[in-house]
Amino acid sequence: MKKRVAIFISGGGSNMVRLLEDMAAADHPAEPVLVLANDAEAGGLKKAAGMGVQTAVVDHRPFKGDRPAFEQALQAELDKVRPDILCLAGFMRVLTEGFVAPWEGRMLNIHPSLLPKYKGLHTHARALEAGDAEHGCTVHLVTPALDDGPILGQAKVAIQADDTPDTLASRVLTMEHKLYPAVLRRFAEGDRTPVFL
Ligand code: GRF
């Protein structure tokens with residue numbers, strides 16, 4: 001039986017699209033069952049629907065900061081499709097322990113830095129400010145601590161002298177699009193050995 005995968009997005013969803021494209025392969029051990037966004041305007045929703053995948057929207061704003069209520073609504077959408085694996089792909093809401101705990105060990109996230117360096121936001125600017133020689137992205141298991149769980153894969157890029165946060169972000173995003181599908185395929189096969197690109 002293929003593993004059932006749900007994907008949470010907040011924006012354009014370029015990582016989500018790469019995951020769907022990879023899972024379209026007949027030999028892939030997983031299949032997408034839902035793409036959910038916390039914003040009805042998220043560009044990725046149309047892309048997912050265009051690729052034949054069920055979509056849903058749970059907007060966090062009407063919950064006015066009531067995270068448990070927002071997360072109950074998220075879980076209710078997941079209960080309809082019963083996924084085995086949950087992938088966060090550019091999902092910009094921080095999830096509480098109440099939501100994360102039942103999913104621990106089967107919820108993945110991609111983060112645009114070489115964790116544990118630069119947890120949180122503005123990772124590209126911070127790597128440049130620090131004068132780092134290399135940067136990259138990480139896929140990790142999600143735990144209640146932000147950007148902190150066991151690493152399932154990393155991809156590195158060299159920082160160039162004339163890099164800006166935008167030029168660096170675009171090279172890192174290219175590596176994200178290779179790393180996340182490689183990690184998900186291995187994870188869905190039950191292999192936790194990290195992928196390094
Ligand atoms: C990616 O850089 C991801 O690492 C970060 O948000 C960005 C989302 O990109 N969390 P997309 O929506 O997948 O195109």
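Start at 1 and go down the list; that is how both ligands and their atoms are numbered. Since the structure is predicted, the reported quantities are computational estimates derived from the model, not experimental observations.
There is a side-chain donor-acceptor pair under 3.5 Å between Asp191 and Thr193. Side-chain contact annotation: Ser10 with Asn38, donor-acceptor N/O pair under 3.5 Å present.
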Only pairs under 3.5 Å count here: list side-chain donor-acceptor contacts from residues 100-110, not counting sequence neighbours, and write none if there are none.
unit_1	atom_1	unit_2	atom_2	d
Trp103	NE1	Gln75	OE1	2.9
Arg106	NH2	Pro102	O	3.3
Asn109	ND2	His140	NE2	3.1

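Annotation: cation-pi geometry satisfied between Arg192 and Phe187 (NZ/CZ under 6.0 angstrom from ring centroid, within 45° of ring axis).
With side-chain heavy atoms closer than 4.5 Å counting as contact, directly or through intermediates, the hydrophobic cluster containing Met92 also holds Leu121.
For ligand 1, the 4.0 Å heavy-atom shell takes in Gly12, Gly13, Ser14, Asn15, Gly90, Ile110, Pro112, Leu173, Glu176, ordered by chain and residue number.
For Arg4, there are no salt bridge (charged side-chain N to carboxylate O under 4.0 Å, His left out) partners two or more places apart in sequence or in a different chain.
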